[in-house]
There are 2 protein chains.
Amino acid sequence: MKDIKHFLRQNSLRPTKQRVIIANYLFDGINKHVTAETLSNELLKMKAGISLATIYNTLHDFYEKGLLKKLMINSERIYFDTNTEHHHHFYSKKDQKLIDINVDMKVSGLPKPPKNKKINKIEVLVHLDN
Amino acid sequence: MKDIKHFLRQNSLRPTKQRVIIANYLFDGINKHVTAETLSNELLKMKAGISLATIYNTLHDFYEKGLLKKLMINSERIYFDTNTEHHHHFYSKKDQKLIDINVDMKVSGLPKPPKNKKINKIEVLVHLDN
DNA sequence: ATATCAGTTTAGAATGATTCTAATGTATTG
DNA sequence: CAATACATTAGAATCATTCTAAACTGATAT
Ligand SMILES: [Mn+2]
Ligand SMILES: [Mn+2]
Ligand SMILES: [Zn+2]
Ligand SMILES: [Zn+2]
């Protein structure tokens, strides 16, 4: 991302110091899966003292602008995904790590949804053992 | 379930008053998806004053004996599933409801898992719109 | 049956991720 | 450089869940 400030403005987000630092980290071209905690740790490593409140605010602001996807995989924390395309995941509970599955997968044999309900999206989660 | 006490003993669980009531509700032949809260509400309806601590303890005891499956679908609560067979779900976020998909579904195009990792299980979650 | 003891229940405290509050700081615009 | 709307923050609050430790009960042995 060359011009993060421009990128934030394009998405109706004021380019504050904190948002610029977080956006630079998240949108560096390498897709990431972060939690508030892992992001906080990364920011501490780069000596950016950004409060947890701001980290939560920023993740949600980015999410609302469609810059992040939310993943509800684990009932003890929320993951945010910089890959906003529809895709699936490998998940290692042991490592608490997600890995993107970007290839086309097809699910066959799906029954009809219940009356008056429409399918929004199909999510495949492949649990890994070790 | 005719003899719940026997069933509990078979699973190395003492048939206490509370466990009998909860098992009778959960294993009545109709598969259910419960949270501690929904279960507590059902028990209140049948005038069984069982403490939340016991509800949590019992759900986890049953889970550890393999009588329940745990579903991590929503980051704000844990669902327990009386259907312990491998199966998939429709999920309505609006209704906070899960519906079993028992038919055989096949996922094709799955890539190889990362080095040194084995696939444990594949979970398909079909999100419904309304 | 009664005693004994391990296992169970429970109220209430603790935990931990997340959200809220309200005071202070800053980006934007004229 | 104001004025103002928006953003950051420390700390409190929330809420599902887990923990603690005291009282209770089912199972087993006398
Ligand atoms: Mn987190
Ligand atoms: Mn619950
Ligand atoms: Zn992803
Ligand atoms: Zn189910």
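Throughout, protein chains are lettered first and strands after them, A, B, ... in sequence-line order, and every chain is numbered starting at 1.
- Sorted by first and then second residue, the pairs that involve residues 15-26 of chain A and meet salt bridge (Lys or Arg N to Asp or Glu O under 4.0 Å), not counting sequence neighbours, are A/R19-A/D61.
- Counting to the nearest Å, the C1' atom of D/dT25 and the CZ atom of B/R9 are 13 Å from each other.
- Protein atom CG of B/D61 is 12 Å distant from nucleotide atom P of D/dT18, rounded to whole Å.
- Among residues at least two apart or in separate chains, there is no salt bridge (Lys or Arg N to Asp or Glu O under 4.0 Å) pair with a member in residues 118-130 of chain B.
- Partners of A/S40 by side chain to side chain donor-acceptor pair (under 3.5 Å), not counting sequence neighbours: none found.
- In this structure, A/N11 has no side chain to side chain donor-acceptor pair (under 3.5 Å) partners at least two apart in sequence or on a different chain.
- Residues forming a side chain to side chain contact (heavy atoms under 4.5 Å, CB included) with B/K70 (at least two apart in sequence, or on another chain): B/H60, B/Y63, B/M72, B/I78, B/F80.
- Note: CZ (B/R77) to P (D/dC15) measures 12 Å, nearest angstrom.
- In this structure, CG of B/L59 is placed 13 Å from P of C/dT10, rounded to the nearest angstrom.
- Rounded to a whole Å, the CG atom of B/N74 is 13 Å from the P atom of C/dT18.
- Residues in residues 38-60 of chain B take part in these salt bridge (Lys or Arg N to Asp or Glu O under 4.0 Å) pairs, two or more places apart or across chains: B/E42-B/K45.
- The list of side chain to side chain donor-acceptor pair (under 3.5 Å) pairs with a residue in residues 100-112 of chain A, not counting sequence neighbours, reads A/H33-A/D100, A/N83-A/D100, A/N83-A/N102, A/H87-A/D100, A/H89-A/D100.
- In terms of the side chain to side chain donor-acceptor pair (under 3.5 Å) criterion, B/T84 has no residue partners (sequence neighbours excluded).
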Distances under 3.5 Å between protein N/O atoms and the N/O atoms of nucleotides 19-22 of chain C, please, pair by pair.
none

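- Shown for residues 14-22 of chain A: residues whose heavy atoms fall under 4.0 angstrom of DNA chain D, namely A/R14, A/T16, A/Q18, A/R19.
- The separation between A/L8 atom CG and D/dC6 atom P is 16 Å, rounded to whole Å.
- Note on A/T54: a side-chain N or O is less than 4.0 Å away from OP1 or OP2 of D/dT9.
- Taking all atoms of both residues into account, the shortest heavy-atom contact from A/S75 to B/R77 is CB-O, 4.4 Å.
- Comparing the start and finish of the helix from C/dA1-D/dT30 to C/dG30-D/dC1, five pairs each, the helix axis swings through 20°, to the nearest 10 degrees.
- Going from atom CG of A/L43 over to atom C1' of D/dT8 covers 14 Å, rounded to whole Å.
- As a whole-Å value, the separation of B/I55 CD1 from D/dA16 C1' is 13 Å.
- Every residue meeting the side chain to side chain donor-acceptor pair (under 3.5 Å) condition with B/N74, not counting sequence neighbours, appears here in chain and number order: B/Y91.
- At a threshold of 4.5 Å between non-hydrogen side-chain atoms, the residues B/M105 and B/V124 count as touching.
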